[in-house]
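Working notes, structure below.
In what follows, every chain begins at residue 1, and chains take the letters A, B, ... in the order their sequences are listed. Not measured: the values here are computed from a predicted model.
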Amino acid sequence: MIDVRLLRTDLDGVRAALSRRGKPDVLGQLDDAVALDTRLREITSERDALRAEVNDISKQVGQLRRNQQMAEAEEMMGRSRAIGDREKILQEEAESLEEKLRQVLLRIPNLPHPDAPHGKSDADNPVLKGPINMPATFAEHQRVPHWETAVALGILDNERATKISGSMFTMQRGLGATLSRALCQYALDRNADAFEEIRPPSLVTTATLTATGQLPKFADDAYAIERDDLWAIPTAEVPLTSLYASEVVEDTELPARFMAYSSCYRREAGSAGRDTRGMLRAHEFDKVEILALAMPEQAEALLIELRDRAEALIAGLGLPYRIIEICTGDMGGSHHRSYDLEVYAPGCDSWLEVSSVSWFSDYQARRADIRFKRTGQKGTEIAHTLNGSALAVPRVWAAICENFRQPDGSVALPEVLWPYMRGATSISPK
RNA sequence: GGAACGGUGGCAGAGCGGACAAAUGCACCCGCCUUGAAAGCGGGAGGGCCAAAAGCCCCGGGGGUUCGAAUCCCUUCCGUUCCGCCA
């Protein structure tokens with residue numbers, strides 16, 4: 001959520017920053033917010049003056065009653081009642097304005113970082129690095145889509161997944177299932193030097209899903225369990241960000257770093273019919289997420305660190321990859337600055353997004369009310385949040401099946417995964 | 001799911017209709033004392049709204065009674081214990 005005070009002190013700056021996103025209706029919401037805020041402040045100051053009067057009279061009533069001056073007390077009580085009635089009306093108006101303002105503010109996106117590249121769409125995202133590990137040419141045996149390879153090897157059984165759960169669900173079998181788990185284990189182990197491992201809940205409250213920005217705008221993308229007013233998490237970012245929601249953290253605790261494996265659930269409401277084959281897009285998938293909670297001055301370095309860590313995982317697997325920076329027109333609504341890691345999959349002949357690393361400035365933390373306190377200073381400040389996929393399992397799984405496919409149809413496994421594969425170094429037909 | 005008890009500042013814990021932003025203890029910060037430390041003594045210190053003074057709000061959340069609510073009533077959530085059920 002954007003800081004309302006910014007709207008009062010630097011509306012032009014906010015307008016300029018937001019217009020870089022290229023979403024014209026956002027500027028209209030901005031005007032709505034300013035109007036509501038102005039009116040709200042008028043009402044509250046009027047209301048507070050009335051309250052002050054009531055408080056003052058009440059003190060006097062107490063005094064008069066102690067002095068047995070009952071007639072005078074009665075008279076003042078009558079006056080206070082009248083003021084109280086007016087106060088109540090203003091209070092109701094203030095509450096309704098507050099709620100309206102909140103609803104508008106929740107839909108206004110974050111301000112992009114000044115250095116975030118300007119652009120309209122994903123076509124304008126600059127390549128920051130790479131391609132790395134990209135051979136001059138791919139062999140014919142690598143030009144086979146992973147769904148063909150994997151089905152032939154018996155490690156992918158989407159037909160039965162669909163029978164059990166419907167379309168866009170996947171199922172891995174045998175060493176394919178082991179490989180999924182191995183990738184998670186690998187990603188967690190490689191970041192355990194600095195990140196506390198969390199095993200968070202997969203179902204969260206409406207408040208929790210609002211904090212990270214999925215609600216209220218993107219309710220259709222999430223699975224809702226209405227009977228219990230819970231939502232299935234689309235990423236471990238959701239519970240991890242809210243770990244310290246409505247708490248005040250000591251500055252000595254920051255930056256705090258967490259990582260979590262979780263299943264992720266997405267309705268993919270807008271993607272019906274896209275990427276229906278294989279492992280590229282599914283309603284449920286595994287991912288390891290890394291996340292940091294920081295003071296503002298620590299954030300930029302952390303963003304680079306998270307990106308480096310995500311890159312190190314992919315590089316360690318030996319897959320061809322590149323890093324792109326997300327331009328203002330393509331950025332998610334909560335994002336301040338972000339990078340994507342893409343892996344090349346020769347069988348599909350496409351770049352697959354396997355990690356997205358983002359800095360949210362104080363946008364999510366304000367929604368979640370995560371504050372920190374500087375030792376020796378009065379007051380609190382809103383924290384910054386950052387996160388990134390350490391590793392999104394299915395697409396990496398797919399890229400391994402395609403890049404490391406051998407002429408005989410088997411798939412060679414990256415050496416870093418061998419310790420997690422029960423002795424297997426490749427996957428061959430049964 | 002049923003019953004009982006409880007939710008107050010960083011923690012512990014008093015207050016149960018008026019001078020309460022809230023005793024006390026621990027922890028914390030500053031000073032004195034000391035060669036240094038501990039102890040002792042003196043002082044300071046909650047969060048939020050507002051440009052800020054003033055003022056207002058905050059004793060789990062919401063609602064009510066009252067001139068006035070941490071305190072009374074209703075409701076809801078959370079916790080603990082017991083019972084029931086169950087991986």
Side-chain angles (χ1 to χ4, degrees), chain A residues 1-14 33-102 105 199 201-211 225-231 239 242-254 256 293 362 365-383:
Chain A
M1 195 154 63
I2 196 166
D3 185 353
V4 227
R5 281 172 294 196
L6 259 187
L7 301 186
R8 312 205 272 249
T9 57
D10 186 22
L11 183 57
D12 292 338
V14 171
V34 170
L36 287 167
D37 179 53
T38 307
R39 181 82 187 115
L40 177 61
R41 287 161 71 203
E42 286 167 12
I43 302 262
T44 50
S45 76
E46 223 180 303
R47 179 203 63 194
D48 286 355
L50 293 179
R51 281 190 183 166
E53 267 189 84
V54 169
N55 289 342
D56 186 50
I57 291 174
S58 297
K59 284 203 181 98
Q60 294 182 42
V61 168
Q63 192 63 48
L64 289 169
R65 289 178 73 119
R66 257 185 304 271
N67 295 344
Q68 304 293 316
Q69 297 170 271
M70 292 314 189
E72 289 88 336
E74 276 310 320
E75 196 266 332
M76 299 213 89
M77 282 158 67
R79 267 173 55 199
S80 182
R81 248 189 299 262
I83 298 167
D85 289 345
R86 277 196 289 145
E87 188 268 349
K88 205 166 186 178
I89 292 166
L90 289 178
Q91 172 62 13
E92 275 165 20
E93 192 172 351
E95 275 171 17
S96 111
L97 281 170
E98 255 166 47
E99 182 52 26
K100 277 183 198 150
L101 177 60
R102 190 181 123 81
L105 287 176
R199 177 53 259 225
S202 301
L203 302 181
V204 298
T205 62
T206 297
T208 299
L209 201 66
T210 303
I225 292 126
E226 286 181 32
R227 185 157 70 154
D228 298 296
D229 194 21
L230 289 169
W231 302 78
S242 284
L243 253 190
Y244 288 116
S246 61
E247 295 190 34
V248 178
V249 185
E250 296 295 330
D251 57 355
T252 50
E253 309 270 322
L254 299 177
L293 188 66
D362 60 5
R366 181 170 292 105
R367 287 166 163 255
D369 189 23
I370 307 167
R371 290 172 294 159
F372 69 93
K373 184 167 172 50
R374 295 186 195 266
T375 307
Q377 286 189 25
K378 277 190 74 103
T380 57
E381 294 174 49
I382 309 279

For rC85(B), give its Watson-Crick or G-U wobble partner with both distances under 3.5 Å, or none.
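Result: none.
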When both hydrogen-bonding distances must be under 3.5 Å and the geometry is Watson-Crick or G-U wobble, what is rA14(B) paired with, if anything?
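WC or wobble partner does not exist here.
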Reckon [X] touches a base, only the sugar-phosphate, or nothing at all at heavy-atom distances under 4.0 Å?
X        : result
Gln63(A) : base
Thr44(A) : nothing
Arg79(A) : nothing

Worksheet entry | Nearest to side-chain heavy atoms of Arg81(A), which nucleotide of rG55(B), rU66(B), rG47(B) |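 Taking heavy atoms from C-beta onward, the closest nucleotide is rU66(B).
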| Among rG48(B), rG55(B), rG64(B), which is the nearest nucleotide to the side chain of Lys88(A)? |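 Ranking rG48(B), rG55(B), rG64(B) by closest atom to the Lys88(A) side chain puts rG64(B) first.
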inquiry  = Looking at rC49(B), I'd like to know if its phosphate oxygens (OP1 or OP2) sit under 4.0 Å from a side-chain N or O belonging to Arg5(A).
reply    =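 Yes, within the criterion.
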Checklist entry - Hey, is the side chain of Arg41(A) poking within less than 4.0 Å of OP1 or OP2 on rA51(B), counting only N and O atoms? => result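 Yes, because at least one side-chain N or O of Arg41(A) sits under 4.0 Å from OP1 or OP2 of rA51(B).
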Could you list all N or O pairs between the protein and nucleotides 77-79 of chain B that sit under 3.5 Å apart?
none

Any residue meeting side-chain contact (heavy atoms from CB on, under 4.5 Å) with Arg39(A), in chain and number order, not counting sequence neighbours: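 If we apply the side-chain contact (heavy atoms from CB on, under 4.5 Å) test to Arg39(A), skipping adjacent residues, the hits are Glu42(A), Ile43(A), Glu93(A), Leu97(A).
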Considering only distance and modelled atom types, tabulate donor-acceptor pairs under 3.5 Å from the side chains of residues 80-90 of chain A, sequence neighbours left out.
residue	atom	partner	partner atom	Å
Glu87(A)	OE2	Arg51(A)	NE	2.7
Glu87(A)	OE2	Arg51(A)	NH2	3.4

_Applying side chain to side chain donor-acceptor pair (under 3.5 Å), can you list everything that pairs with Ser202(A), at least two apart in sequence or on another chain?_
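Arg199(A).
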By the salt bridge (Lys or Arg N to Asp or Glu O under 4.0 Å) test, which pairs, at least two apart or in different chains, include something from residues 52-64 of chain A?
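Listed once each, the pairs would be none.
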Q) Under the 3.5 angstrom rule, does the side chain of Thr205(A) hit a backbone N or O of Thr208(A) as a donor-acceptor pair? A)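 Such a contact is found between Thr205(A) side chain and Thr208(A) backbone.
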Review point. Do any of residues 49-59 of chain A sit with a heavy atom less than 4.0 Å from RNA chain B, and if so which?
Key: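 By residue number: Arg51(A), Ala52(A), Asn55(A), Ser58(A).
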